[in-house]
Amino acid sequence: MIEARHLRVLRAVAATGSFSAAARELGCTQPAVSQQMKALESSAGTPLLIRTGREMRLTQAGEALVRHASGILAGLTAAEEEVAAIAGLRAGRVRLVSFPSGSSSLVPGALAALRAAHPGTQVSLVEAEPPRSVEMLRDGDCDIALAFRYGTTGGEWDDLVVRPLLRDRLVGLVPEGHRLAGTDAVTIGELADEPWIAGCPRCRRQLVEVCEESGFTPRIDFATDDYPAVIGLVGAGLGVAVLPELALESVRPKGARTVAVEPAVEREIVALTLPDLARVPAVAATLDQLSLAAAR
């Protein structure tokens with residue numbers, strides 16, 4: 001019989017490439033990892049790893065087992081959480097991953113309301129941009145991923161439960177003394193000759209696509225994942241930018257002015273989880289609070 005603890009060890013070995021590195025990640029000893037891998041190979045009835053000197057790689061059977069491990073472990077986590085809630089042993093645990101502007105705008109209100117309603121529920125938060133956050137969800141490293149996308153990519157999230165939260169419009173950001181600072185709205189084409197400050201990789205790709213649709217390629221002088229840094233660079237007169245409205249909610253744009261951008265560009269903000277996890281009471285309650293926070 002294949003045990004969940006053995007699958008976690010196999011996944012760690014596959015990800016790190018060695019028993020010693022897997023032991024460090026799992027917080028145990030190298031002999032313990034070796035022993036559990038031997039037990040797993042015995043249960044499987046076939047070798048799962050090939051060791052050649054210092055190199056270690058998966059056999060075909062090992063690759064198949066790793067491929068199924070994330071789904072199996074997520075299903076087990078969902079079962080443990082639901083049973084514990086039904087039995088009244090604990091309120092639940094939720095691991096949330098969010099992109100930075102979501103962390104500063106949607107998450108605080110949602111988690112405060114969740115704590116008030118369910119004080120026993122434990123929630124942890126880490127930050128990651130999509131698609132990394134979505135990978136973490138599929139790998140079993142979180143329970144809910146707050147993510148965004150521009151447009152609709154067919155099949156991108158078909159295996160996940162998608163809770164739409166809001167549409168977040170992009171706004172332009174120009175220095176206070178800029179020729180367009182006093183206008184109500186600008187077209188992307190009016191900024192064609194400006195130096196640009198770009199955000200995260202996904203936002204950067206969207207910026208290039210929008211500009212190219214308007215007939216030019218933006219000259220990106222600076223790129224940073226940190227929205228306050230983008231705002232600071234614009235405020236210092238080093239360029240222009242387009243940012244999601246959520247990114248401006250918790251940051252005062254000192255030295256910069258916002259202007260509406262035409263044509264309108266929006267990103268869809270969603271909360272994602274796995275089908276099994278969606279039935280876990282603590283996860284469902286967190287999704288509900290995120291929806292309420294987005295509606296305020």
Side-chain angles (χ1 to χ4, degrees), residues 1-19 21-28 32-34 36-50 56-85 92-99 122-149 153-163 202 270-284 286-287:
M1 181 179 294
I2 295 175
E3 298 183 29
R5 61 194 178 100
H6 294 158
L7 288 179
R8 291 188 178 95
V9 171
L10 175 64
R11 194 174 68 173
V13 171
T16 61
S18 72
F19 284 0
R24 288 193 296 271
E25 181 174 303
L26 297 170
C28 61
V33 170
S34 178
Q36 292 195 49
M37 283 304 307
K38 288 179 181 177
L40 179 57
E41 289 184 322
S42 177
S43 297
T46 185
L48 302 175
L49 295 168
I50 299 172
M56 184 176 296
R57 67 178 188 273
L58 295 170
T59 64
Q60 185 177 0
E63 290 176 350
L65 203 51
V66 168
R67 190 167 61 248
H68 290 285
S70 295
I72 293 169
L73 293 173
L76 286 173
T77 299
E80 290 168 356
E81 294 288 354
E82 193 165 357
V83 169
R93 170 183 61 88
V94 180
R95 297 166 299 164
L96 175 65
V97 59
S98 172
F99 55 94
Q122 299 177 354
V123 182
S124 62
L125 171 67
V126 297
E127 288 190 341
E129 299 275 0
R132 175 59 189 145
S133 56
V134 183
E135 292 172 1
M136 292 174 65
L137 177 63
R138 290 192 174 110
D139 287 344
D141 295 327
C142 69
D143 304 308
I144 297 173
L146 204 61
F148 63 87
R149 62 183 172 185
T153 305
E156 183 183 16
W157 296 332
D158 284 354
D159 60 322
L160 304 175
V161 174
V162 181
R163 177 75 69 92
R202 179 166 283 201
V270 301
L272 305 171
T273 191
L274 295 169
D276 285 337
L277 289 173
R279 298 196 297 271
V280 176
V283 172
T286 305
L287 290 172

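One-based numbering along the sequence shown.
Residues V97 and L125 form no side-chain contact, since every pair of their non-hydrogen atoms from C-beta on lies 4.5 Å or further apart. For the pair V283 and I144, the minimum side-chain heavy-atom distance is below 4.5 Å. M56 is listed as a side-chain neighbour of V13, based on a closest heavy-atom distance under 4.5 Å. Between D143 and L96 the shortest side-chain heavy-atom distance does not fall below 4.5 Å. T46 places none of its side-chain heavy atoms less than 4.5 Å from the side chain of T59. Within the 4.5 Å cutoff, side-chain heavy atoms of V134 are placed close to those of L160. Counting heavy atoms from C-beta on, the side chains of F99 and S133 never come closer than 4.5 Å.
Between the side chain of R279 and the backbone N or O of A284 there is no donor-acceptor pair closer than 3.5 Å. The closest donor-acceptor contact from the side chain of E41 to the backbone of P47 lies at 3.5 Å or more, if one exists at all. No side-chain donor-acceptor contact under 3.5 Å links R11 to the backbone of L65. Under a 3.5 Å cut-off, the side chain of R149 and the backbone N or O of E156 do not form any donor-acceptor pair.
Going from atom CG of L146 over to atom CG of L137 covers 11.5 Å, rounded to the nearest 0.5 Å. Here the CE atom belonging to M37 is positioned 12.0 Å from the OG atom belonging to S42, to the nearest 0.5 angstrom.
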